Amino acid sequence: MRLKVISVFQFSLLTLSTVSAPLAGQSARPTPIAVWAPKPVQTPAYPAGITPWVKLADIKARHKNEMIWREVIVDDGRLAGEYVSAAPGTKVSRRFHPDTREWFAVVEGEMKVDIEGQAPFTATRGSLVNVPRQTLFDLETVGEKPSLRFVLNVSRAKTLFPRDAGDTAPSIAPPSGTAWTPVTINRTPGSYDQFNQAHLNIHDAAAKNDKYTGGRFVRDDKSEMLVIYGSEKNLPPFDPSDKGHFHPESAEMWLVFAGQIRYAFEGQQPFVASEGDIVYVPAGTWHATRFTGADPACRLSITEYVGNTLLLEPRLAR
């Protein structure tokens, strides 16, 4: 008797961008190589509670007349992103994450940021803030308007609070099923490098450099975030048949940080997302992105893996 094996994948001939070991003094460059890759036969489903496109306008409408609110937009069990709104004068007390990095993007308002080892600074619309693991930080919304920030960390990230205020437990409720417990930690504050900096404002960067295109802002063993900045006028002519690429292992999400971005996903009608919108695509799903409109645009590309692999149609090989 023969058994018939049914697979949910089909093998597709694709082009994989790999990186060869650089020679001394040279930077690594991707090397295209033709491969067969398992591509899901059915368009991958979205995790429960996650949709392809969440409009900031709809989020704000749900919190009409509220100045202080928070809402988780994406939590796929690996990475979690939420919007946090705070009234002027609202403070985030001194704290740190023991094993993970927190970064956030300021969409509206102004925030005073104090990160251990860094000079305090004010983050405004277009600012990105990166706080390494085991590094103390505190925040305060300043100015006359509420602040609105998109915060990203790993799912179920833990937060620790220093006990320098005595033996009084934090006033913030602990995660469900836990209780605040006095402990000691051997702590080493995180450091910054060429791929991780404390603060960047994309509008300031673009004003100083008319050829600004962005770059990596977060890179560690748990996630990567790439700033992608530009204008449609500098792109090749639009090709509606371009499927883009897909990722074999990691989902990808974006925060549209300025202007408008066109998205075309496998199995869905194309759409144009605007500043503040959150977009998500599962692993194994074709997707193409493009700046659109007359004004400059920016998207923050967020993935779980560092140097996330892109699987391209053969005709798109470079």
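Just so it is clear, the model here is predicted, and its values are computed rather than measured.
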Can you sort out the partners of Phe291 under ring-ring contact (aromatic ring centres under 6.0 Å, His included), two or more places apart, ordered by chain and number? none
May I ask you to test the Arg262-Phe271 pair for a side-chain heavy-atom distance under 4.5 Å? no
Pair Tyr192, Asn130 - check side-chain hydrogen bond (donor to acceptor under 3.5 Å, both in side chains), show working. CA-CA 9 Å; Tyr192 294 97; Asn130 183 344; 5.3 Å; no
Thr43-Glu266 side chain donor-acceptor pair, cut-off 3.5 Å: yes
Would you say Ser223 and Arg101 are linked by a side-chain donor-acceptor pair, where the criterion is simply a distance under 3.5 Å? no
Over all heavy atoms of both residues, which pair between Arg94 and Leu136 is shortest? Give the atoms and the distance, please. NE-CB, 3.7 Å
Rounded at 0.5 Å granularity, tell me how far CG in Asp204 sits from OG in Ser127. 7.0 Å
Within 45 degrees of the ring normal and closer than 6.0 Å to the centroid, is that where the cationic atom of Arg187 sits relative to Phe96? yes
Indicate every side-chain donor-acceptor pair of residues 174-186 with a distance under 3.5 Å to a residue at least two apart or in another chain.
| residue | atom | partner | partner atom | Å |
| --- | --- | --- | --- | --- |
| Thr178 | OG1 | Pro175 | O | 2.6 |
| Trp180 | NE1 | Ile172 | O | 2.8 |
| Thr181 | OG1 | Ala179 | O | 3.1 |

List the atom pairs, with distances to 0.1 Å, where a side-chain N or O of residues 249-256 and a protein N or O form a donor-acceptor pair under 3.5 Å, not counting sequence neighbours.
| residue | atom | partner | partner atom | Å |
| --- | --- | --- | --- | --- |
| Ser250 | OG | Glu304 | N | 3.0 |
| Glu252 | OE1 | His247 | NE2 | 2.7 |
| Glu252 | OE1 | His287 | NE2 | 3.1 |
| Glu252 | OE2 | Trp254 | NE1 | 3.1 |
| Glu252 | OE2 | Ser301 | OG | 2.5 |

So do the side chains of Val279 and Val281 get within less than 4.5 Å of each other, counting heavy atoms only? no
Cut-off 3.5 Å, side chains only: do Asp76 and Tyr46 have a donor facing an acceptor? no
Would you call Phe104 and Val84 a side-chain contact if the rule is heavy atoms closer than 4.5 Å? no
side-chain hydrogen bond (donor to acceptor under 3.5 Å, both in side chains) between Thr289 and Arg299, intermediate numbers included: CA-CA 10 Å; Thr289 58; Arg299 62 186 184 272; 3.0 Å; yes
Would you please name every residue forming a ring-ring contact (aromatic ring centres under 6.0 Å, His included) with Phe257, sequence neighbours left out? none
Contact between Arg290 and Asp242 at the side-chain level, heavy atoms closer than 4.5 Å - yes or no? no
Euclidean distance, Glu82 CD relative to Ile278 CD1, rounded to 0.5 Å: 11.5 Å
Nearest 0.5 Å, please: how far is NZ in Lys243 from OG1 in Thr285? 12.0 Å
Go through the steps to decide whether Thr213 and Ile228 satisfy the test side chain to side chain contact (heavy atoms under 4.5 Å, CB included), and finish with yes or no. CA-CA 6 Å; Thr213 59; Ile228 305 174; over 6 Å; no
Supply the atom-to-atom distance Gln118 CD to Gln197 CD, rounded to the nearest 0.5 angstrom. 10.5 Å
Please check if Leu79 and Val218 belong to a single hydrophobic cluster, counting links between Ile, Leu, Val, Met, Phe, Trp and Tyr side chain heavy atoms closer than 4.5 Å. yes
Heavy-atom closest pair, residues Gly276 and Tyr83: O-OH, 2.6 Å
Does the ring of Phe246 carry Lys39 above it, NZ/CZ under 6.0 angstrom from centre and within 45° of its axis? yes
Does anything in residues 144-159 form a side-chain hydrogen bond (donor to acceptor under 3.5 Å, both in side chains)? List the pairs, not counting sequence neighbours. Asp75-Ser155, His97-Thr159, Thr100-Asn153, Thr141-Ser147
Donor-acceptor pair between Asp138 and Ser93 side chains, under 3.5 angstrom: no
Would you say Val54 and Asp277 make side-chain contact, with heavy atoms under 4.5 Å? no
Assigning hydrophobic clusters by single linkage (Ile, Leu, Val, Met, Phe, Trp, Tyr; side-chain heavy-atom cutoff under 4.5 Å), is Trp69 placed with Ile73? yes
Check for me, please, whether Ile202 and Ile302 land in the same ILVMFWY cluster - side-chain distances under 4.5 Å, paths through other members count. yes
Is the shortest heavy-atom distance from the side chain of Ile261 to the side chain of Thr292 under 4.5 Å? no
Closest heavy-atom contact between Pro296 and Ser231? CA-OG, 3.5 Å
How far does CZ of Phe150 sit from CG of Leu128, to the nearest 0.5 angstrom? 12.0 Å
Can we say Arg133 and Asp99 salt-bridge, meaning some charged N sits less than 4.0 Å from an Asp/Glu carboxylate O? yes
Short N-O contact, Glu71 and Lys60, less than 4.0 angstrom: no
Within the structure provided, determine whether Leu148 and Leu56 are in side-chain contact (heavy-atom separation under 4.5 Å). yes
Check for me whether Arg216 meets the cation-pi criterion with Phe195, that is, NZ or CZ under 6.0 Å from the six-membered ring centre and within 45 degrees of the ring axis. yes
For Tyr229, the ring-ring contact (aromatic ring centres under 6.0 Å, His included) test, sequence neighbours excluded, returns Tyr212
Checking salt bridge (charged side-chain N to carboxylate O under 4.0 Å, His left out) against Arg125, which of Glu275, Glu108, Glu110 comes through? Glu275
Smallest heavy-atom separation, Pro88 atom then Gly143 atom, equals CB-O, 3.4 Å
Are Glu102 and Val151 side-chain neighbours, meaning at least one heavy-atom pair lies under 4.5 Å? yes
Could you tell me which non-hydrogen atom of Pro44 sits nearest to which non-hydrogen atom of Ala283, and how far apart they are? CG-O, 3.4 Å
Under 3.5 Å: donor-acceptor pair, side chain of Glu224, backbone of Gly307: yes
Do Val113 and Leu200 share a hydrophobic cluster (ILVMFWY, side-chain heavy atoms under 4.5 Å, transitive)? no
Tell me if the NZ atom of Lys222 is crowded by more than 12 foreign heavy atoms within 6.0 Å. yes
Under the side chain to side chain contact (heavy atoms under 4.5 Å, CB included) rule, what do Thr124 and Asn201 come out as? Steps first, then yes or no, please. CA-CA 8 Å; Thr124 59; Asn201 187 287; 3.3 Å; yes
Please determine whether residues Leu226 and Leu300 belong to a single hydrophobic cluster, defined as Ile, Leu, Val, Met, Phe, Trp and Tyr linked transitively by side-chain heavy-atom distances below 4.5 Å. yes
Hey, does the side chain of Thr303 reach the backbone of Asn308 with a donor-acceptor pair shorter than 3.5 angstrom? no
Can you name the closest pair of heavy atoms from Ala45 and Pro282 and give their distance? O-CG, 3.8 Å
